[in-house]
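First the structure, in the form of structure tokens, and then the observations on it.
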Protein chains: 2
Amino acid sequence: MPRVSCPKCNKVETIQKSGIVRNKQRFYCKDCNYNFTIHHESNKQKSKSKISNSLQTSLQDIAKAIGISVSTVSRALHNHPDISSKTKTAVQKLANELSYQPNALAQSLVTKSTHTLGVIIPNLETTFFSSMLSGIQHVAAKAGYRVVICQSDESHRTEVANVQALMNNMIDGLLLCHTLKTDTYDHIKIQMKRGIPIVQFYRVNNEVATSRVFCEDEKGAELITQHLIDKGCKRIALLLGPKEINISQKRKKGYLKILAKNKMVEDPELIAHVDFSQAEVVKAVDKWLALSKPIDAIFSISDKSAVQVIQYLKKKKISVPNTISVAGFGNEYTGEIIEPQLTTFDVKTVNIGEEAAKILLEKIINQDTSVKDITVKGKLIVRSSSMKK
Amino acid sequence: MPRVSCPKCNKVETIQKSGIVRNKQRFYCKDCNYNFTIHHESNKQKSKSKISNSLQTSLQDIAKAIGISVSTVSRALHNHPDISSKTKTAVQKLANELSYQPNALAQSLVTKSTHTLGVIIPNLETTFFSSMLSGIQHVAAKAGYRVVICQSDESHRTEVANVQALMNNMIDGLLLCHTLKTDTYDHIKIQMKRGIPIVQFYRVNNEVATSRVFCEDEKGAELITQHLIDKGCKRIALLLGPKEINISQKRKKGYLKILAKNKMVEDPELIAHVDFSQAEVVKAVDKWLALSKPIDAIFSISDKSAVQVIQYLKKKKISVPNTISVAGFGNEYTGEIIEPQLTTFDVKTVNIGEEAAKILLEKIINQDTSVKDITVKGKLIVRSSSMKK
DNA sequence: TTGTACGCGTTATCAG
DNA sequence: CTGATAACGCGTACAA
């Protein structure tokens, strides 16, 4: 038996083994009537090495410096009513001097709340999604929540990785706008079991039962189409995004509905699906320009592509709007800058962000697990790109 | 004495007190030679309530389900070579079934690393900063780091709050681009003591000794100014940002240097400071238009404002570039869309982001605390807004 | 009014 | 190959 001395009286001869607790030998000092186990380091050594270990001040550091317990420091810093004002001021003063900053990780580990919302958006190439962000941040800040943003870069893999990363206890709730390529939703389904609320916005999917915020996809497409017809357009080409995504489908539906209403026949040749890349847009337009029965309007369901269309037509010396009218969808900043200015449907991006954040916060704060669908009202914006003379 | 029974043999009569450990009464069972204390809940109850407590699967849950220890589970999941392939597969299978996701908070608390970079940018109103983000994300992703973004919204208070929030152990390093209004830097100085590396980019300050990434502010301004002079401009108005910020000062310096070089006199009336808001820009232009000695060029140190200038001049039926040439700085997307297209200095936003991220990662990975200044090379881009006929 | 003890979910260090 | 245990830094019943 190793030479063991009693931590209280330091005697050696009075020690006897007293069974094993949790695989550790317990000792008993007959003299002091004291049970103890041997630690690898003595407490004294520990407390020494602790202080200067990290560059970050901890509650421990403050507690030791003043000579009080950690919990008192914690409470003092939180302005707990039980703590005497004397200790409070002492603690707060020292905390300031040491520029104490709580370890958010440790806090969240205990409280199970980070006061942070996660947002995943496809891209920041245009100001389209970033203005949604503004709406989100505005609402979140009011409620005392932080916002962290991840860009999925229109890559499904990145979206999945971001969802995972954020949901691993970094955030209290997730706002999600899918990539154009997202076609499986298992990454969401898995996460939904964890009880962290999720809200899909703008580009949403029906497979997963989260709350959702839409814009007026169908209604907007109807208004745009009707407007073009009112301005005398007879052959309106439709530039859609990928077939699978909700947005393409709903806006196409609105377009077709209005064609039917005006007794115009649907021509499959006039409908193109693109990934919104410049190359595909140009290809689609070229195909239309080559048709024997010429088109007199192009309705793009994305402002970004509508701008590209205008630029391309201008390059080809085709008059917009007189030969071909152009309309977009979304109301992006660039639509105001291009010449002619772009007729479009304002989906109210800021409002979409606001609504999404509101719903999410409600879920978080009230532990509301209901599923809500909200549609944000938009507005037709007529500019010169569709005003044939 | 309350009725205490031995946890091992359940006998009561064999129990005797055996001193107090950490303020808790210890008991000793003579029969089993076993020391123990009374917990408020029995272990059995605890382990029961543990399992279904949270919606999130923990290592504990897996360990208990299989009947092995937490550490083994942890190692199995990390593919530690010590673990038998049998247990590995068992663990991994169960982990999958329970859709186990590690708690990133707890992980980081132990490892002191989040594998996350924080970025704070002033705004996302234009694509200027978001393209820097792309550069950052690209480099970060390659190194296996995540990126979280906070928008300071050009508000000093929000910047300070964001810095604090992120630095509280959420990130391994910070990339920072100040707001236009940031004029105190204590919030940075405090954080620098914590040993988390910080890199300032684009809008940087000299007061704080972090590494910095610049664009060619002075050189770019020189090139633009000289280009305007070469095109025949004699009275070049200069639209600057706030006086205090580095960028304004350095670009002004470049402008003045070229004036001097060309033996042109500096006219204080031709230099305006704005906050880049539409209102202030218009006001400045109006003032210039009212001068008795008319101007023939406007050099804005921000593309955003340059676009606003062009739009305003067009509205006033003033020909750009023939009456007044316009040049910007930055090379934003909108400069390609406006008509006439904007002459500008491409600061290579993507490269700035890449360089900043590279430096930061180097600091993190090699614990490099040196201070580096890097200037990213840019390029003059001549378009029609400055091509007088 | 303050301190003790415990737990949050991990990883790391020993000790078998 | 596996398990026990001690951190990580904090919040909080409970005890005193």
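Here is how names work: the chains are called A, B, and so on, in the same order as the sequence lines, proteins then strands, and each is numbered from 1.
Residue contacts shown for Ser71(B) include a base, since a base heavy atom lies under 4.0 Å away. Residue contacts shown for Thr87(A) are limited to sugar-phosphate atoms, with no base heavy atom under 4.0 Å away. Looking at heavy-atom distances under 4.0 Å, Asp82(A) makes contact with a base. Within 4.0 Å of Leu105(A), counting heavy atoms only, lies no atom of the nucleic acid at all.
Of the side-chain N and O atoms in Gln107(B), one or more sit less than 4.0 angstrom from OP1 or OP2 of dT11(C). In this model, the phosphate group of dT2(D) is approached by a side-chain N or O of Ser84(B) to a distance below 4.0 Å at OP1 or OP2. Side-chain nitrogen and oxygen atoms of Ser69(B) include at least one within less than 4.0 Å of the OP1 or OP2 phosphate oxygen of dG3(D).
At least one donor-acceptor pair closer than 3.5 Å links the side chain of Asn103(A) to the backbone N or O of Ala106(A).
Here dT2(D) is the nucleotide among dT10(C), dC10(D), dT2(D) with the atom lying nearest to any side-chain atom of Thr72(B). Between dT10(C), dC8(D), dC10(D), one nucleotide has an atom nearer to the side chain of Leu109(B) than all others, and that is dC8(D). Of the candidate nucleotides dG11(D), dG3(C), dG9(D), dG3(C) has the atom nearest to the side chain of Arg75(A). For Ser74(A), whose side chain is taken as the heavy atoms from C-beta onward, the closest listed nucleotide among dG11(D), dG9(C), dG3(C) is dG11(D). If you check dG3(C), dA4(D), dG9(D) against the side chain of Val110(A), the one that comes closest is dG9(D).
Of the residues near DNA chain D, Val73(B) and Lys112(B), the one whose nearest nucleotide (by heavy atom distance) lies more toward the 5' end is Val73(B).
Distance, Leu59(A) CG to dT2(C) C1': 15 Å, rounded to whole Å. dT1(C) atom C1' lies 18 Å from atom NE2 of His78(A), rounded to whole Å. We find that CG of Asn169(A) is positioned 8 Å from P of dG9(C), with the value rounded to whole Å. The distance between atom CD1 of Ile62(A) and atom P of dT2(C), rounded to the nearest whole Å, is 15 Å. Rounding to whole angstrom units, CD of residue Gln60(A) and C1' of dC10(D) are separated by 10 Å. Distance, Leu77(B) CG to dT10(C) P: 9 Å, rounded to whole Å. The CD atom of Gln101(A) sits 11 Å away from the P atom of dC10(D) (whole-angstrom rounding). Atom-to-atom, NZ of Lys64(B) to P of dT10(C) comes out at 13 Å; the value is rounded to the nearest Å.
Considering Met192(B), Glu362(B), Lys363(B) as possible partners of Pro197(B), the one that fulfils the side-chain contact (heavy atoms from CB on, under 4.5 Å) test is Lys363(B).
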Problem - Derivation of the side chain to side chain donor-acceptor pair (under 3.5 Å) call for Ser71(A) and Ser69(A) - result: CA-CA 5 Å; Ser71(A) 34; Ser69(A) 79; 3.1 Å; yes

Exercise for the section: Apply the test side chain to side chain donor-acceptor pair (under 3.5 Å) to residues Ser84(A) and Thr87(A): give CA-CA distance (whole Å), side-chain angles for both, the deciding distance (0.1 Å), then the verdict. Expected result: CA-CA 6 Å; Ser84(A) 74; Thr87(A) 33; 2.7 Å; yes

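For His187(A) and His156(A), the ring centers sit closer than 6.0 Å to each other.
When side chains are defined from C-beta on, Met167(A) counts as touching Leu174(A), because their heavy atoms get closer than 4.5 Å.
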